[in-house]
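Read the structure below first, then the notes.
This chain uses plain numbering: 1 for the first residue, then up along the sequence.
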Amino acid sequence: MKRILSRLRRAAEDYSMIDSGDRIAVGVSGGKDSLAALMAMKNLQRFYPKPFYLEAITIDMGFDNMDFAAVAALCEENDIPYHIEKSDIKQIIFDYRKEENPCSLCANLRRGAMCTAAKKRDIKKIVYGHHFDDVVNTFFLSLFYEGRLNCFAPVTYLERMDVTVLRPLIYVEEKDIVRFANNTALPVVKSTCPADKNTKRQYVADLLEGLDQENPGLKHRIFTAVQKSGIKGWSL
């Protein structure tokens, strides 16, 4: 946690993510990344010079056999208010529309559901668990499949919803999150989505991992290129 927390704090300060009095929710899918983000934000809350309110929100997408009771217990142990918002996202994507490539639509629906849930709870900032490797992978997904240089920003203001999305784990490598999750027995909820681990994103992640092993430091150089690229929201 110390390693993750130091990088989270640096990102928060580099990109001015937190102001005194902010009401912040962590979007908790049940995966290791969002749970690590939640625990890091809770640890940050304890000593950060700008006091902020923190809670966790899960969008229940309607998949079978996904039990968030252990996540609720973790939140209770750490004095984090926790809310589960029911949705029909699974039904829309797989039952009605029968999407062959569901990830993009799913992300949009989840984002909308999260913003709506946050707004109902008077929350204006949402933390997602996107990390260092996600930055690099997203950059190449955009390049390979959209033909453009693009990536999500560390801080994104969604004008239509009047909500700001924060990604404070952008300096944290996935291997550190995996180590933290294993060492602390985080109550990870396994996704039962039929598209899980069978996506273009996973293909790009595996490809870049192989290239990084052949060319040590490659992903770090790509990350630096993203920061210097002029992509909106990335300039320090």
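Taking 4.0 Å as the cut-off between side-chain N and carboxylate O, Asp19 and Lys125 count as a salt-bridged pair. A salt bridge is defined here as a Lys NZ or Arg NE, NH1 or NH2 lying under 4.0 Å from an Asp or Glu carboxylate O, and Asp22 with Lys124 fails to meet this definition. The pair Arg7-Glu173 fails the salt-bridge criterion, with no side-chain N (NZ, NE, NH1 or NH2) lying under 4.0 Å from an Asp/Glu carboxylate O.
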**Request:** Apply side-chain contact (heavy atoms from CB on, under 4.5 Å) to the pair Arg23 and Asp122, showing each step before the final yes or no.
**Result:** CA-CA 7 Å; Arg23 290 177 58 81; Asp122 193 30; 4.0 Å; yes
**Request:** I would like to know whether Tyr128 and Asp33 meet side-chain hydrogen bond (donor to acceptor under 3.5 Å, both in side chains); could you show each step before the answer?
**Result:** CA-CA 8 Å; Tyr128 288 142; Asp33 303 336; over 6 Å; no
**Message:** Could you go through Leu211 and Phe140, starting from their C-alpha distance and side-chain angles, then the distance that decides it, and tell me whether this counts as side-chain contact (heavy atoms from CB on, under 4.5 Å)?
**Reply:** CA-CA 13 Å; Leu211 289 172; Phe140 272 88; over 6 Å; no
**Request:** Start with the C-alpha gap between Met41 and Leu38, add the side-chain angles, then the distance that decides, and say whether side-chain contact (heavy atoms from CB on, under 4.5 Å) holds.
**Result:** CA-CA 5 Å; Met41 288 295 294; Leu38 178 65; 5.7 Å; no
**Prompt:** Given Thr164 and Leu158, is the side-chain contact (heavy atoms from CB on, under 4.5 Å) satisfied, shown in steps?
**Reply:** CA-CA 6 Å; Thr164 299; Leu158 305 178; over 6 Å; no
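Checked by atom type and distance alone, the side chain of Asp133 pairs as donor or acceptor with a backbone atom of Glu174 at under 3.5 Å. Not one N or O on the side chain of Arg9 forms a donor-acceptor pair closer than 3.5 Å with the backbone of Leu44. Side chain of Thr116 to backbone of Gly112: a donor-acceptor contact under 3.5 angstrom is found. Thr58 contributes a side-chain N or O that, together with a main-chain N or O of Val28, makes up a donor-acceptor pair within less than 3.5 Å. At least one donor-acceptor pair under 3.5 Å links the side chain of Thr224 to the backbone N or O of His220. The backbone N or O of Leu5 lies less than 3.5 Å from no partner atom in the side chain of Arg10, so there is not a single donor-acceptor pair. Of the possible donor and acceptor atoms, none in the side chain of Ser142 sits under 3.5 Å from a partner among the backbone N and O of Phe139. The closest donor-acceptor contact from the side chain of Asn43 to the backbone of Met39 lies under 3.5 Å. Remark: the backbone N or O of Gly31 is paired with a side-chain donor or acceptor of Ser34 at under 3.5 angstrom. Distance alone, capped at 3.5 Å, places no donor-acceptor pair between the Asp212 side chain and the Leu208 backbone.
Pairing each heavy atom of Met66 with each of Val189, the nearest pair is CE-CG1, 3.9 Å. Residues Ala36 and Leu186 come closest through the heavy atom pair N-CD1, 4.0 Å.
In this structure, the side chains of Cys151 and Val135 come closer than 4.5 Å at one or more pairs of heavy atoms. Using a 4.5 Å cut-off on side-chain heavy atoms (C-beta onward), Asp67 and Asn65 make no contact. The shortest distance between side-chain heavy atoms of Lys175 and Phe180 does not fall below 4.5 Å. When side chains are defined from C-beta on, Trp234 counts as touching Pro154, because their heavy atoms get closer than 4.5 Å. Taking the side chain as every heavy atom from C-beta outward, Ile57 and Glu55 approach each other to under 4.5 Å. Arg201 has its side chain within reach of Leu141: a pair of non-hydrogen atoms, C-beta onward, lies under 4.5 Å apart. Side-chain contact check for Tyr15 versus Leu166: every heavy-atom pair is 4.5 Å or farther apart. Looking only at side-chain heavy atoms (C-beta outward), Met61 and Cys106 come within less than 4.5 Å of each other.
Within the model, atoms NE2 of His83 and CD1 of Ile123 stand 9.5 Å from one another, a figure rounded to the nearest 0.5 Å.
Ring geometry for Phe223 versus Phe132: interplanar angle under 30°, hence parallel rather than tilted (30 to 60°).
Tracing side-chain contacts under 4.5 Å through hydrophobic residues (I, L, V, M, F, W, Y), one reaches Leu143 starting from Leu218; they form part of the same cluster. Transitive grouping of hydrophobic side chains (ILVMFWY, heavy atoms separated by less than 4.5 Å) brings Phe144 and Val226 into a common cluster. Note on Val165: it does not cluster hydrophobically with Tyr157, by side-chain heavy-atom contacts below 4.5 Å among ILVMFWY residues. Hydrophobic clustering (side-chain heavy atoms under 4.5 Å, transitive across Ile, Leu, Val, Met, Phe, Trp, Tyr) keeps Val178 apart from Leu8.
Residues that satisfy the salt bridge (Lys or Arg N to Asp or Glu O under 4.0 Å) test with Arg111, not counting sequence neighbours, are absent from this structure. Partners of Tyr53 by ring-ring contact (aromatic ring centres under 6.0 Å, His included), not counting sequence neighbours: none found.
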Validation: residues 68-75 side-chain donor-acceptor distances under 3.5 Å, sequence neighbours left out:
none

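Side-chain contact check for Asn150 and Glu146: no donor-acceptor pair (N or O, by modelled atom type) lies under 3.5 Å.
Applying the 6.0 Å contact sphere to CG of Asp79 captures no more than 12 heavy atoms from other residues, nucleotides or ligands. Within a 6.0 Å sphere centred on CD of Glu76, heavy atoms belonging to other residues, nucleotides or ligands number 12 at most.
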